[in-house]
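All values below were derived from every heavy atom in this structure, side-chain atoms included, with hydrogens, water molecules and symmetry-related copies excluded. Every chain is numbered from 1, with letters handed out A, B, ... down the list of sequences.
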Amino acid sequence: TDLCCTTILAIEFDGGVVLGSDSRVSAGASVVNRVMNKLSQLHDKIYCALSGSAADAQTIAEVVNYQLDVHSMEIGEDPQVRSAATLVRNISYKYKEELSAHLIVAGWDRRKGGQVYATLNGLLTRQPFAVGGSGSSYVYGFVDAEYRKGMSKEECQKFVVTLSLAMNRDGSSGGVAYLVTIDEHCTEEKVILGNDLPTFYDQ
Amino acid sequence: MAATASMMQSFGPNLSAQNDLVPDWTRTEVSTGTTIMAVEYDGGVVIGADSRTTTGAYIANRVTDKLTPIHDRIFCCRSGSAADTQAIADVVAYQLGFHSIELDEPPLVETAAHLFKASCYRYREELTAGILVAGWDRRRGGQVYCVPIGGMLVRQPVSVGGSGSTYIYGFMDSNYKPSMSKEQCLELTATALTLAMERDGSSGGVVRLASISEDGVERRVILGNQLPKISTH
């Protein structure tokens with residue numbers, strides 16, 4: 001199964017992050033899972049968005065989940081988002097020839113607030129927002145135009161429209177939209193069903 | 001005697017494809033890796049394009065004009081192989097000019113679009129041409145027709161093409177509304193092209209715009225430093 005046929009995104013707002021994904025997993029022309037949640041929890045306030053090969057991405061997330069548990073017990077407090085991203089990056093880089101997965105790591109910690117890290121191909125870079133998966137090409141322009149620094153939580157949640165745009169244009173993305181909002185006080189998971197997604201001029 | 005075959009090739013300048021002395025761009029076909037866009041409004045159309053023509057990694061022309069007149073009020077936006085699209089545009093301009101003289105009236109945009117389709121479909125195996133045909137005629141007003149690679153023909157209220165177009169599908173879908181004014185269409189096109197030029201390595205340079213209506217054709221150029229500013233910079 002191949003998760004590269006996907007749209008994932010993560011955006012930083014003032015005080016936290018929002019992660020979003022579509023829900024389609026395809027094997028060739030067949031949709032094997034139309035309600036897959038590609039937002040995987042690494043820790044209480046750190047999530048990652050999966051794209052690329054489903055098997056590779058899920059395995060990396062599980063391994064990092066374990067490593068983060070051990071690490072947070074060792075240091076006796078909640079781990080930093082950068083630590084989680086580094087763990088993901090270390091696996092992606094060391095096994096870059098064998099693996100084909102891109103995880104976007106995003107979360108909130110006490111030191112630096114909301115952060116989004118991209119780990120494509122084994123790099124590690126912090127970004128104000130990150131998009132990934134095959135559907136991301138279609139929404140680069142939209143996100144470039146709409147993103148502003150210091151947006152509020154509500155404005156970031158409206159970025160679900162990005163997923164809807166990508167799902168309409170990319171044959172390999174579709175289904176429902178999953179949204180996770182992480183800030184200092186809570187971690188909220190939400191599903192937006194197909195008929196509740198934003199529509200556009202030609203629908 | 002060379003111990004292995006590869007040692008023999010080091011004698012003398014070797015102008016094979018792998019040699020670093022001969023740059024890659026002298027061997028690559030000229031392409032308008034591009035972003036083009038066309039939008040209908042009530043009373044005409046707005047068309048736009050970037051201005052970069054590449055041969056491999058070299059920018060052969062950084063001020064290309066990809067908006068080509070086919071007739072007084074019919075233009076085409078070219079993407080794909082520069083040679084192929086120029087040749088097709090010349091052929092269609094000739095055929096349309098002839099047809100218009102026979103008819104003794106200005107030709108329909110639909111006719112121009114069908115002429116493009118005929119050439120692009122017949123020679124689809126040999127050609128690499130993605131074309132947007134846009135213009136104004138008295139019967140149906142402003143129209144945009146898309147003739148992508150392969151030679152299909154479809155009329156759309158708004159259409160984008162070229163390598164940079166993938167990045168602005170989302171922006172176009174969310175920002176285009178039916179019955180926009182000419183100024184809104186110009187702004188939408190300029191912003192969309194700027195966004196695509198930021199993300200696509202094969203698009204860049206200046207933004208060329210044109211608006212076509214009953215009153216004629218108005219052309220303008222937006223230089224690099226005058227482009228709309230994007231928030232992430």
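In the displayed structure, A:Asp14 atom CG is contacted under 6.0 Å by at most 12 heavy atoms of other residues, nucleotides or ligands. Residue-environment remark: NZ (B:Lys229) exceeds the threshold of 12 foreign heavy atoms within 6.0 Å. By the neighbour-count criterion of 12 heavy atoms within 6.0 Å, atom CD of A:Gln67 is densely surrounded, having more than that number from other residues, nucleotides or ligands. The number of heavy atoms from other shown groups lying within 6.0 Å of CZ (B:Arg62) does not exceed 12. Remark: A:Arg148 CZ is packed, more than 12 non-hydrogen atoms of other residues, nucleotides or ligands lying under 6.0 Å away. Under a cut-off of 6.0 angstrom, the local environment of CG in A:Asp44 is crowded, with over 12 non-hydrogen atoms contributed by other residues, nucleotides or ligands.
Considering only heavy-atom pairs separated by less than 4.5 Å from chain A, the leading option among B:Pro178, B:Gly170, B:Ala196 is B:Gly170. In terms of non-hydrogen atom pairs under 4.5 Å with chain A, the most contact-rich of B:Asn175, B:Thr191, B:Asp173 is B:Asp173.
B:Arg199 CZ to A:Asp144 CG: the interatomic distance, rounded to the nearest 0.5 Å, is 4.0 Å.
Shown are B:Tyr169, B:Phe171, B:Tyr167; of these, the ring pair (Phe, Tyr, Trp, His ring centres under 6.0 Å) with A:Tyr138 is made only by B:Tyr169.
Annotation for B:Leu195 and A:Gly141: closest pair CD1-O, 3.3 Å, computed over non-hydrogen atoms.
Annotation: side chain of B:Val158 is in contact with side chain of A:Tyr201 (closest heavy-atom distance under 4.5 Å).
Contacts between B:Pro228 and chain A at a heavy-atom distance below 4.5 Å are absent for every atom of the residue. Interface remark: A:Ala166 contributes no atoms to any contact with chain B (heavy atom separation under 4.5 Å).
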